[in-house]
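In the text below, chain A, chain B and the rest are named by the order of the sequence lines, each starting its count at 1. Everything numeric here is computed off the predicted structure, so don't read it as measured data. The figures here come from the full heavy-atom set of this structure, side chains too, leaving out hydrogens, waters and symmetry mates.
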Number of protein chains: 4
Amino acid sequence: MDEIAKIARKAKGSIYYHFASKEDLFREVIIKEMNNLKNQLTKIFTNPELSAYEKLNKYFIKRMEVLNNAANYHETLKADFFEHFHFVDDLRTDLDRWEKENIMKIINQGINSGEFVLDIKTDVVADIFLMVLKGLEIPFFLQNKYEEYSPHFEGLIQIFNKGVSK
Amino acid sequence: MDEIAKIARKAKGSIYYHFASKEDLFREVIIKEMNNLKNQLTKIFTNPELSAYEKLNKYFIKRMEVLNNAANYHETLKADFFEHFHFVDDLRTDLDRWEKENIMKIINQGINSGEFVLDIKTDVVADIFLMVLKGLEIPFFLQNKYEEYSPHFEGLIQIFNKGVSK
Amino acid sequence: MDEIAKIARKAKGSIYYHFASKEDLFREVIIKEMNNLKNQLTKIFTNPELSAYEKLNKYFIKRMEVLNNAANYHETLKADFFEHFHFVDDLRTDLDRWEKENIMKIINQGINSGEFVLDIKTDVVADIFLMVLKGLEIPFFLQNKYEEYSPHFEGLIQIFNKGVSK
Amino acid sequence: MDEIAKIARKAKGSIYYHFASKEDLFREVIIKEMNNLKNQLTKIFTNPELSAYEKLNKYFIKRMEVLNNAANYHETLKADFFEHFHFVDDLRTDLDRWEKENIMKIINQGINSGEFVLDIKTDVVADIFLMVLKGLEIPFFLQNKYEEYSPHFEGLIQIFNKGVSK
DNA sequence: AATGAATGAGTGTTCATTCAT
DNA sequence: GATGAATGAACACTCATTCAT
């Protein structure tokens, strides 16, 4: 909180006028960034001109990009590991559900268009895709591996795409 | 250290007889666990009866299993993970090289046997595979997601396998 | 710090609001006390009505008195004296120079007035005088010898005075 | 005690077989060094060929020299400031009495031979001499000022000598 | 006589939170 | 609304001492 107060150029006591606790402050900030993420990703889901593969591709890359710029999100993730903020789990559950729905829509679009041919149930494929996506968050943002890993995004998506095609 | 001492049923001071600092204790645990991981995985690499696909599959699953057990065993050390990233990173460099070599061997075995047909260079595929693998570590290790995610391992490997086949 | 906090009737944590560390607190106390010492001694140096002998005498006695009061006042800091010698030494360098200059002025005044006749160079006499003075500091400051030693101050100065006279 | 054990190349536990406590260990060591000091100084007192001035001079210089080499004595003084070993006071009281007696003998010798002419009582002069002597111990041995200060010993004794002469 | 291991009271320091003004 | 000051529980670490072997 000292650090936050310093950045905000306010007294530490002042922060407690606006936020009941450290957890409360983190919650408000992370909700904002999650909404931003949703907004950015919605533009991709709803773009009628993109094929399923293109959507998966852009989804993946945009997601990483947005989160890479979401400094407060990183800080919250970090703090979460130390302090086990329960609200993070709650908010993630929401976001997870939202993402899964939309990923499933993309996959179904791909099945309908003949792009994808699955040996596995759609929702399991969506889970897997999201599992990988979310797994990458932490090394990227907390270990600063974004620059190191991002060149491999295209390759990963290609393999994944081929893995669910024909 | 209080917590660790409690679990060890020793006085906090006693721990400092055996380890010069918390970081020292952490390091020794990490090294032990990494060696354990290497030993377990070596059994898979060196098994001549396994196809490349089987090796990838078993590699993936065993790796997660070992790390998950380590995580459960060393519950109290989780909080230190981020504080001590710096030297975990140092120790990782060696392990990373070791893993990449062995993954590349598996991929090459797959290419030679005709199992795999790559559009991407071998070492990039290995990097991607390891990137996904390492991404999943932290959700498992720090967020207790093993139970939630492990049912999807098979599916992920299948997709990956198909993504690099034929 | 426990003890200091107790005397200040504050929580230990509160002290760290005002001082970054124990060393910092120690430093500020020492600086204040040194400035106080300089102010007290300046009054003696600059008094035009005093002979050189009177100045030496008063200088000696006042110096010990001020340090003894400081010692009583800062009882809890005594233990830190040796741990923090390093920067006390740094601060001393300035004070030492200041004192030597002023002692030399007194001695020169004594030479000019015919009070003192030296077999030894002025600045060596000043060094010797200060050596004795500083030697007595620690028994006073750390070992509470003020009451035991102070009755001998006059005699010491007399001997010293005679030792540099005629 | 760790440090002492290390120097002695014994286990810390072993030291407690020979000494009941840290204080006990320090006591035994310092008694030895004080006896050594007494032996060295006795040679000077009892030398019939020396004048009183020569004795004072040699006494002063030998005392500093012996103590400067008494490493354990320094350590004990240091430890005393931290831990307030009461035995140090007791041992010093003995030594002080012994020293005062002998210094008084020297002064009386000087008076009888006509070397010294005192305005002050003999025992007060002895106290003053010892006060200065003891005061110098600490800067010399704990602040490593021996090399810096020792060149001034002769000058100090000269002034002192003149201060008690004719 | 010796030792490796253990102990527990103590140390300086941090930090989210509270509160009078 | 804002702030400087205060709080107390927590933390990693130290060290003289003890003890079973």
Rounded to the Å, how far apart are [X] [atom1] and [N] [atom2]?
{"X": "C:M1", "N": "F:dG8", "atom1": "CE", "atom2": "C1'", "answer": "15 Å"}
{"X": "A:I4", "N": "F:dT3", "atom1": "CD1", "atom2": "C1'", "answer": "17 Å"}
{"X": "A:F85", "N": "E:dA16", "atom1": "CZ", "atom2": "C1'", "answer": "10 Å"}
{"X": "D:F19", "N": "E:dA1", "atom1": "CZ", "atom2": "P", "answer": "12 Å"}
{"X": "A:E23", "N": "E:dC15", "atom1": "CD", "atom2": "P", "answer": "18 Å"}
{"X": "C:K6", "N": "E:dT11", "atom1": "NZ", "atom2": "C1'", "answer": "15 Å"}
{"X": "C:D2", "N": "E:dA9", "atom1": "CG", "atom2": "P", "answer": "14 Å"}
{"X": "B:E3", "N": "F:dC13", "atom1": "CD", "atom2": "P", "answer": "16 Å"}

- Please name all residues satisfying ring pair (Phe, Tyr, Trp, His ring centres under 6.0 Å) with C:Y146, sequence neighbours left out, ordered by chain then number.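 Counting only residues at least two positions away or on another chain, C:Y146 forms a ring pair (Phe, Tyr, Trp, His ring centres under 6.0 Å) with C:F140.
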
- B:V66: what forms a side chain to side chain contact (heavy atoms under 4.5 Å, CB included) with it, not counting sequence neighbours?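 Partners of B:V66 under the side chain to side chain contact (heavy atoms under 4.5 Å, CB included) test: B:N36, B:L37, B:Q40, B:K62.
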
Residues 13-25 of chain D, side-chain donor-acceptor partners within the protein, below 3.5 Å, at least two apart:
{"unit_1": "D:S14", "atom_1": "OG", "unit_2": "D:A11", "atom_2": "O", "d": "3.4"}
{"unit_1": "D:S21", "atom_1": "OG", "unit_2": "D:E23", "atom_2": "N", "d": "3.4"}
{"unit_1": "D:S21", "atom_1": "OG", "unit_2": "D:D24", "atom_2": "N", "d": "3.1"}
{"unit_1": "D:K22", "atom_1": "NZ", "unit_2": "D:E83", "atom_2": "OE2", "d": "2.9"}
{"unit_1": "D:D24", "atom_1": "OD1", "unit_2": "D:R27", "atom_2": "NH1", "d": "3.1"}
{"unit_1": "D:D24", "atom_1": "OD2", "unit_2": "D:A20", "atom_2": "N", "d": "3.4"}

- Start at the 5' end of DNA chain F and walk down; is the nucleotide closest to B:K22 or to D:K22 reached first?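 Its nucleotide being nearer the 5' end, the pick is B:K22.
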
- Taking OP1 and OP2 of F:dT18, is either one under 4.0 Å from a side-chain nitrogen or oxygen of D:Y16?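 False: D:Y16 side-chain N/O out of range (4.0 Å or more) of F:dT18 OP1/OP2.
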
Enumerate all atom pairs, one protein N or O and one N or O from nucleotides 4-8 of chain E, separated by less than 3.5 Å.
{"unit_1": "E:dA5", "atom_1": "OP2", "unit_2": "B:Y17", "atom_2": "OH", "d": "3.3"}
{"unit_1": "E:dA6", "atom_1": "OP1", "unit_2": "B:K10", "atom_2": "NZ", "d": "3.3"}
{"unit_1": "E:dA6", "atom_1": "OP2", "unit_2": "B:H18", "atom_2": "NE2", "d": "2.4"}
{"unit_1": "E:dT7", "atom_1": "OP2", "unit_2": "B:A11", "atom_2": "N", "d": "2.7"}
{"unit_1": "E:dT7", "atom_1": "OP2", "unit_2": "B:S14", "atom_2": "OG", "d": "3.0"}

- Query: Could you go step by step and tell me if D:R92 and D:E137 meet the salt bridge (charged side-chain N to carboxylate O under 4.0 Å, His left out) rule?
  - Reply: CA-CA 13 Å; D:R92 293 275 333 203; D:E137 279 176 23; 2.9 Å; yes

- Task: For DNA chain E, list all stems, counting runs of three or more consecutive pairs where every pair is Watson-Crick or G-U wobble with both distances under 3.5 Å.
- Result: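 Listed by first number, the stems are E:2-21 with F:2-21.
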
- Message: Using atom P in both nucleotides, what's the gap between F:dT21 and E:dA1 to the nearest angstrom?
- Response: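 F:dT21 and E:dA1 have their P atoms separated by 22 Å.
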
Could you work out, with side-chain hydrogen bond (donor to acceptor under 3.5 Å, both in side chains) as the rule, every residue matching [X], not counting sequence neighbours?
{"X": "C:E65", "answer": "none"}
{"X": "C:D94", "answer": "C:K38"}
{"X": "C:E75", "answer": "C:K78"}

- Is the shortest distance from a Lys or Arg side-chain nitrogen in D:K134 or D:E99 to a carboxylate oxygen in the other one below 4.0 Å?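 Judged by the 4.0 Å cut-off on N to carboxylate O distance, D:K134 and D:E99 do not form a salt bridge.
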
- Message: Could you work out, with salt bridge (charged side-chain N to carboxylate O under 4.0 Å, His left out) as the rule, every residue matching D:E33, not counting sequence neighbours?
- Response: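 If we apply the salt bridge (charged side-chain N to carboxylate O under 4.0 Å, His left out) test to D:E33, skipping adjacent residues, there are no hits.
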
